[in-house]
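Worksheet: the structure to be examined is printed underneath.
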Amino acid sequence: MRILVVTDLYPPHYRGGYEIRCAQVAETLRSSGHDVRVLTSAYGVPLSPLGNLKRRTEELNGVPVHRVLNQYVYEPQPSHRPWALFQARRELSDVKMFIRLVKSFQPDIINWWSMYGLSKTLLPLPPAWGIPDVHWIEHWWMIKEYGLQGADPSVFWARLWDGVWGPRPFRPLLRVAGRVWERRTARKGIPTREFPNRPRHVCFVSEYMRTLHREAGLEFPSSEIIYGGVPTAAFYAPIATRRVEAGKLKILYAGQISLDRGLHTAIDALGHLDPLVRSQLSLSVAGNGPADYLKRIKAQVEQLRLGNCVAFHGKIAHDQMPRIYKEHDVLVFPSIRDEGLPLTMVEAMLAGCAVLTTGSGGALEIATAADLPLFPKEDSEALSRLLVRLVADKEEVSRIAARGQEIALRDFSFDRMMERWMTTL
């Protein structure tokens with residue numbers, strides 16, 4: 001098949017597991033004989049000296065990647081004003097590039113991944129053209145940025161066409177210009193007021209994510225759950241070779257460092273520990289995030305005098321993460337956000353780490369299957385009690401790790417996921 005993958009970010013420019021899994025799927029589809037192309041934003045591509053995007057097409061592991069779309073959420077954003085007019089022109093440019101690529105590639109299917117920060121004006125087009133489209137959902141972008149029937153993009157475009165923006169004295173003139181612009185846009189087959197998203201099929205990465213969308217009113221005639229998987233060969237380390245050493249318990253936090261990922265809970269938990277217990281463990285932090293939150297975390301470490309047991313390693317390339325997991329005994333996953341199905345947890349479980357988690361969102365489905373220890377969101381005292389228990393009983397660490405690895409191999413392998421995904425496509 002000819003498959004066009006559309007996603008907001010694509011490695012090596014990524015922010016989390018959603019984008020990493022997208023690349024793994026695209027490369028596997030290509031190696032299975034399908035003709036795959038990726039359409040994504042120019043996020044991560046350096047701006048020109050004038051502050052404009054440098055759009056480009058490149059080939060990564062045999063997959064053509066078109067980094068040409070605009071991104072409307074992540075920095076840096078161009079500073080052009082008036083912003084409404086500038087964004088409208090950019091979104092219409094995105095639509096034209098999408099149309100051009102579809103006409104030249106002629107895909108059999110369009111596969112949407114994360115559309116967070118991308119123009120939602122693209123979504124109604126494939127059904128209108130008779131091209132089946134499939135969503136892979138492991139994030140709440142559709143709830144936050146789309147609305148029940150495309151309400152969020154509709155508000156933006158209606159205000160633009162109706163001239164409800166800019167200085168009030170100029171609004172009658174803006175309204176006339178907007179209506180003319182709208183008619184010209186509609187004649188090109190581009191939606192202007194309504195943005196129905198009627199995909200042929202939707203795959204949710206966890207039951208929690210499907211429930212979250214259903215409760216928001218986003219229910220689709222055809223959907224299924226396909227648990228997100230992790231490539232076994234890269235991360236697997238037999239438990240028999242992973243006995244916890246008699247020295248310090250090595251704890252890892254891995255992923256984006258942001259308020260909703262809850263690193264502050266893990267730092268506070270260390271602060272609750274008796275100094276003797278604290279001397280028997282260490283915490284490595286692998287990741288990066290917003291400067292203000294990172295500054296807060298480092299100030300928290302200094303205030304609690306944890307400098308001797310907390311080390312910050314910055315963002316580590318994903319292909320180096322198997323080594324990082326295998327150098328640690330425990331992964332702490334203190335997220336407080338609505339997780340889809342956390343890639344980090346499964347990677348760590350495959351590598352033989354014992355995982356402690358809040359079970360937030362889809363993380364609970366992994367935790368329940370593997371009987372992982374849970375602690376409430378932002379309850380640092382509960383997490384500290386768990387750490388005391390594991391420091392005192394290294395065999396318990398091994399038992400948790402063994403259960404986790406068994407379930408990761410059985411239910412959350414990449415091969416299992418791809419088998420079902422291929423069938424769906």
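The figures here come from the full heavy-atom set of this structure, side chains too, leaving out hydrogens, waters and symmetry mates. These figures come from a predicted structure and were not determined experimentally.
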Neighbour count above 12 (heavy atom, 6.0 Å) for [X] [atom1]:
| X | atom1 | result |
| --- | --- | --- |
| E207 | CD | yes |
| R2 | CZ | yes |
| E194 | CD | no |
| K377 | NZ | yes |
| R179 | CZ | yes |
| E302 | CD | no |

field: Any side-chain heavy-atom pair of N70 and E91 under 4.5 Å
entry: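 A side-chain contact is absent here, since even the closest heavy-atom pair is not under 4.5 Å.
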
- prompt: Does the side chain of I400 reach to within under 4.5 Å of the side chain of L372, using non-hydrogen atoms?
  reply: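 Yes; the side chains approach each other to less than 4.5 Å.
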
query: For Y325 and E347, what are the C-alpha separation, side-chain angles and deciding distance, and is it a side chain to side chain donor-acceptor pair (under 3.5 Å)?
result: CA-CA 8 Å; Y325 291 126; E347 289 175 345; 2.7 Å; yes

query: Which atom names give the shortest non-hydrogen contact between Q405 and L350, and what distance separates them?
result: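 Shortest heavy-atom contact: NE2-O, 2.8 Å.
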
message: Show the nearest heavy-atom pair for residues L148 and G217, with the distance to one decimal.
response: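 Distance-wise, the nearest heavy atoms are CD1-O, 2.7 Å.
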
Identified salt bridge (Lys or Arg N to Asp or Glu O under 4.0 Å) counterpart of E182 within the set R193, R159, K188: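 Single pass found, and it is R193.
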
task: Examine W112 together with Y146 and report whether their ring centres are nearer than 6.0 Å.
output: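 No, the ring of W112 stays outside the 6.0 Å limit from the ring of Y146, centre to centre.
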
Please round to the nearest 0.5 Å and tell me the distance separating atom [atom1] of [X] and atom [atom2] of [Y].
| X | Y | atom1 | atom2 | answer |
| --- | --- | --- | --- | --- |
| F204 | E224 | CZ | CD | 10.5 Å |
| R261 | Q256 | CZ | CD | 5.5 Å |
| L331 | I324 | CG | CD1 | 12.0 Å |
| I316 | N288 | CD1 | CG | 11.0 Å |
| I297 | Y253 | CD1 | OH | 8.0 Å |

Sequence neighbours excluded and cut-off under 3.5 Å, please list the side-chain donor-acceptor pairs for residues 229-238, or say none.
none

task: If a pair satisfies side chain to side chain donor-acceptor pair (under 3.5 Å) and one of its residues is in residues 362-376, list it, with sequence neighbours excluded.
output: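 Sorted result for residues 362-376: Y227-E365.
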
query: Are K120 and E145 ion-paired here, with the side-chain N under 4.0 Å from a carboxylate O?
result: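 Yes, charged N to carboxylate O under 4.0 Å.
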
Ring-face cation of K315 near Y14 (centre distance under 6.0 Å, axis angle within 45°):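 Checked: cation-pi criterion met.
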
Tell me which one of [options] satisfies side chain to side chain contact (heavy atoms under 4.5 Å, CB included) with [X].
| X | options | result |
| --- | --- | --- |
| W113 | H135, R21, H139 | R21 |
| T121 | T192, D94, V95 | V95 |
| L283 | L252, I267, V330 | I267 |

query: So, the side chain of T424 versus the backbone of R420: is there a donor-acceptor pair under 3.5 Å, distance only?
result: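 Checking the backbone N and O of R420 against the side chain of T424, a donor-acceptor pair under 3.5 Å is found.
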
- prompt: Could you go step by step and tell me if H13 and E19 meet the side chain to side chain donor-acceptor pair (under 3.5 Å) rule?
  reply: CA-CA 9 Å; H13 311 300; E19 302 88 43; over 6 Å; no

Distance-only donor-acceptor check, side chains Q300 and D268, under 3.5 Å: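 Q300 vs D268: donor-acceptor pair found between side chains.
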
